Amino acid sequence: MTKEKLKFAFYWAASCGGCEIAVLDINEKILDVVQMADIVFWPVAMDIKYKDVENMPDKYIDVCFFNGAIRTEENEEMAKLLRQKSKILIAYGACSHLGGIPGLANVANREEVFEKAYLKNVSTVNPDGVTPKTRAKVKEGELEIPEFYDTVKALDQTVDVDYYVPGCPPQVELTINAIETIAKGELPPKGSVLAPLKSVCDECPLNPTKTDKIQISEIHRIYEIIPDPSKCFLPQGVICMGPATRGGCNARCINADMPCTGCGGPCPNSPEQGAAMIGALASLLGLGEEKEKYTEADIEKLVAQIKDPLGTFYMYSLPSSVLRRRVMKK
Amino acid sequence: MREVTINPITRLEGHGKISIFLNELGNVENAYLQVPELRGFERFCVGRKAEDMPQITSRICGVCPVAHHYAGTKALDAAFNIEPPSAAKKLRELMYCGYIIYDHTLHFYYLGGPDFIVGPEAPPEKRNILGVIEKAGLEIGKEVIKHRAYGQKITEIIGGKATHPVCGLPGGISKPLSEEDRQEIEKMATSCVEFAKLSLKLFHDIVLGNEKYVEMIKSEAYTLKTYYMGLVDENNKVNFYDGKVRVVDPHGNEFLKFEPKDYLDHIAERVEEWTYVKAPYLKKVGWKGFVGGADSGIYRVGPLGRLNAADGMATPLAQEEYELMYRTLGGKPVHSTLVFHWARLIELLYATERAVELCKDPEITSTKVRNLPNKPGEGVGIVEAARGTLIHHYVLDENALVKNVNLIVATINNYPAICMSIRDAAKGLIHGGNVNQGLLNKVEMAFRAYDPCFACASHFAIGQMPFTVEIYNHEKKLLKTVQR
């Protein structure tokens, strides 16, 4: 621990507020944080202005925990400003780390989003086809709102990021661990994800029931069957993102008898999470060395059963994946 | 005309901007609350798997994920035409109580309550949880941290995760409750009842015991006569998780009572060019602009909306406090916006009492928590989020993929009324161009009473920084920008 108190900042860009709650969820540990660090910027809880951040000297903040994706011009400006003012910038939570669930909006663009929200919407009465404008005239004057971008980005697609804390939201232990690591000054190499190297499977209580090769004839969706809660989902034909997802969450969803949906992001050695899961499925199905077990028609039938592969394999990571976004026709 | 803009508004979840226009005399001509963001959930949910919806839509708001999770789950119950087993419904409701305990505690002590407890004239740096602890004592502070955590823990035990739970499935929930966990929840819930009583005592001592506050509560600047909406049970008592939607008129008479599936017959929304958020109104009354009264379709939801729309609370202690509130304020309905805070604490007490009741229900540990769904179709799910009525409407295709989604979230229902409350507070508090920080605080108080969550309102938009107030003069020149 350094003699002088560290300076922390917390900021939210395009996020749901859940990462802020995740920080509050360290509960009484927050008192330890206040002991070791001064919080110099935290918009959700403190009255400090943007202007005050602008006036800080460069690298004034020791550690900035940045949650949320980059969706608007303002998000981008704040990311750049906080990068400039911080020694260490941490992408905190799935949106900042990978783009997150709001990153699924990369299946569409502004025009389609507007159409769905304001024009072709069952509860909206809008005969004149009104949509919000960045500059709108009202009786008393003119009002401005920021422009809505077409594409959602992860933080490191906008600025240089030092570390990542994964999860949607990050597990309390990961947050505490990150803070303790910083306090001790024992940070790993730049670019590290501050989470265990293992996959969700490695910490899953059902892992002993997962076999190397899984003979399944049908893929089931979790709502269609009541799976045996004492057995791995995969041999039961339910897709669980555990094999392709980084651990550190104590398999919390699986402990609630639900499959992993992948919020921890990719495992260290296979950064393309969706592709890794498709690969894992292929290998679990015994494709490859034991092709004879399945005819091509069998495989096609199985694959056709995977509904919404994008939402299944890239629920949290579309913006940072090789797919990144849907190509829109002009 | 002069314009005042408040941006960012701290201590509420989400992002917003207030612009106030002054006339030649320096008095308020009009005020606008703009929500500057949009996310597009309605668009990107299309094509997703039905069963993923409760988890995807919970990411609309990390503060009230449980509300979205269950509005979504109930929309799926309806879309698959499947009734969950009775134990599953009770577990969902128990988890919902945990969520209300956590969220109402968060608002009263961290977000909105500090205005009262620490005082509206106190410097901004004191009007937060630390200021509350300073004024009310460290012991209270510890109780607050402990019981907010209990609310989260109850949710986590049943839901798997407190923020962004995973347990909701069409026809039930994923996991039964063990006896060991039941006991733990009962212990926490019992402690929460005492905490809720303590919070009400604090409110009585600090707020109602202070004549100046009471005068402010009753003042014209904070009064708005509107319709009120909330879910009620079969006895017309407040219910968060289930029931029919009831609407009362500004005189307190029942105006509507409808099943969730019929919401489109009763609620419509309009689009304004100057904000990303839509403005809902009662279809039968119609949109008459940002005005109150029985001729305007604007309605209010949330704690005061629910209490006004119902005939009472379903648990004894909460019912007592409900009666006391209306007795004190001269009968129903109450139109004073700041009474949202009192109503919120009455609901906190109800949620804790109801959680204890559910824990004692022998069925709560039943292992029968799922029924398998039928063919996919169309469904509407309505719950009461902490901030008000929340509607999810899904249309599924034959593969149970989402074909169409419509969402009307709690804060959106209140949006027209919040705009008016801000305008009226500004009118009552800014005269002759005299704008100081204390006055702006009170303008903020007008909207903080609603506990607005612009992360939600912009499901749509994404949770963001607080607010700015910009003040424009009669020549439309920016006079002053106040950021906090």
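Note that the structure is a prediction, hence the values are computed from the model and not measured. The chains referred to below are lettered A, B, ... by the order of the sequence lines, with proteins before strands, and numbering in each begins at 1.
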Largest heavy-atom contact set with chain B, pairs under 4.5 Å, which of [options]:
| options | result |
| --- | --- |
| A:Val122, A:Leu119, A:Asp257 | A:Asp257 |
| A:Gly311, A:Cys263, A:Pro229, A:Ala105 | A:Ala105 |
| A:Gly68, A:Cys19, A:Cys168 | A:Cys168 |

Portion of [X] that has a non-hydrogen atom of chain A nearer than 4.5 angstrom:
| X | value |
| --- | --- |
| B:Ala279 | neither |
| B:Glu156 | neither |
| B:Glu272 | backbone |
| B:Leu169 | side chain |
| B:Lys161 | side chain |
| B:Pro65 | neither |

Tell me, for [X] versus chain B, whether the close heavy atoms (under 4.5 Å) come from the side chain, the backbone, both or neither.
| X | result |
| --- | --- |
| A:Asn121 | side chain |
| A:Thr312 | both |
| A:Glu224 | backbone |

### Query
Thinking salt bridges, do B:Glu42 and A:Lys116 make one under a 4.0 Å N-O criterion?
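Looking at A:Lys116 together with B:Glu42, the answer is no, because their closest N to O distance does not fall below 4.0 Å.
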Side-chain ([X]) to main-chain ([Y]) donor-acceptor, under 3.5 angstrom:
| X | Y | value |
| --- | --- | --- |
| B:Asp77 | B:Gly171 | yes |
| A:Asn106 | A:Val152 | yes |
| B:Ser174 | A:Ala256 | yes |
| A:Gln305 | A:His220 | no |
| A:Tyr316 | A:Gly167 | no |

### Message
Evaluate B:Val380 against B:Tyr263 for side-chain contact (heavy atoms from CB on, under 4.5 Å), listing each step before the verdict.
### Response
CA-CA 8 Å; B:Val380 176; B:Tyr263 83 102; 3.8 Å; yes
### Query
Should A:Thr175 and A:Val172 be marked as a side-chain contact (heavy atoms from CB on, under 4.5 Å) after you check the CA-CA gap, both sets of side-chain angles, and the distance that decides it?
CA-CA 5 Å; A:Thr175 303; A:Val172 170; 5.7 Å; no
Which residue out of [options] racks up the most heavy-atom pairs below 4.5 Å with chain A?
| options | value |
| --- | --- |
| B:Lys146, B:Arg270, B:Gln55, B:Glu269 | B:Glu269 |
| B:His164, B:Arg370, B:Lys283, B:Lys142 | B:Arg370 |
| B:Leu264, B:Val166, B:Val46 | B:Val166 |
| B:Tyr32, B:Trp287, B:Phe80 | B:Tyr32 |
| B:Gly160, B:Cys167, B:Pro280, B:Pro165 | B:Gly160 |
| B:Val405, B:Leu76, B:Ile267, B:Leu401 | B:Leu401 |

### Task
Name all residues meeting the salt bridge (charged side-chain N to carboxylate O under 4.0 Å, His left out) criterion together with A:Arg324; count only those two or more places apart in sequence or in a different chain, and write none if there are none.
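Partners of A:Arg324 under the salt bridge (charged side-chain N to carboxylate O under 4.0 Å, His left out) test: none.
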### Task
State which residue, out of A:Tyr92, A:Trp42, A:Tyr11, fulfils the side-chain hydrogen bond (donor to acceptor under 3.5 Å, both in side chains) condition with A:Glu20.
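It is A:Trp42; the other options fail the test.
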### Task
Could you walk me through whether B:His147 and B:Thr105 pass the side-chain hydrogen bond (donor to acceptor under 3.5 Å, both in side chains) test, one step at a time?
CA-CA 8 Å; B:His147 290 91; B:Thr105 302; over 6 Å; no
### Task
Taking atom CD of A:Glu173 as the centre, report whether more than 12 heavy atoms of other residues, nucleotides or ligands fall under 6.0 Å from it.
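Yes, enclosed.
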### Query
What orientation do B:Phe44 and B:Phe41 show, parallel under 30°, tilted 30 to 60°, or perpendicular over 60°?
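The arrangement is tilted - the two ring planes meet at 30° to 60°.
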### Per-residue contacts, residues 124-133 of chain A versus chain B, heavy atoms under 4.5 Å
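When heavy atoms of chain B are the reference, residues 124-133 of chain A contributes A:Thr124, A:Val125, A:Asn126, A:Val130, A:Thr131, A:Pro132, A:Lys133 within the under-4.5 Å range.
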### Query
What about the rings of A:Phe66 and A:Phe10, do their centers lie closer together than 6.0 Å?
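No - the distance between ring centres of A:Phe66 and A:Phe10 does not fall below the 6.0 Å cut-off.
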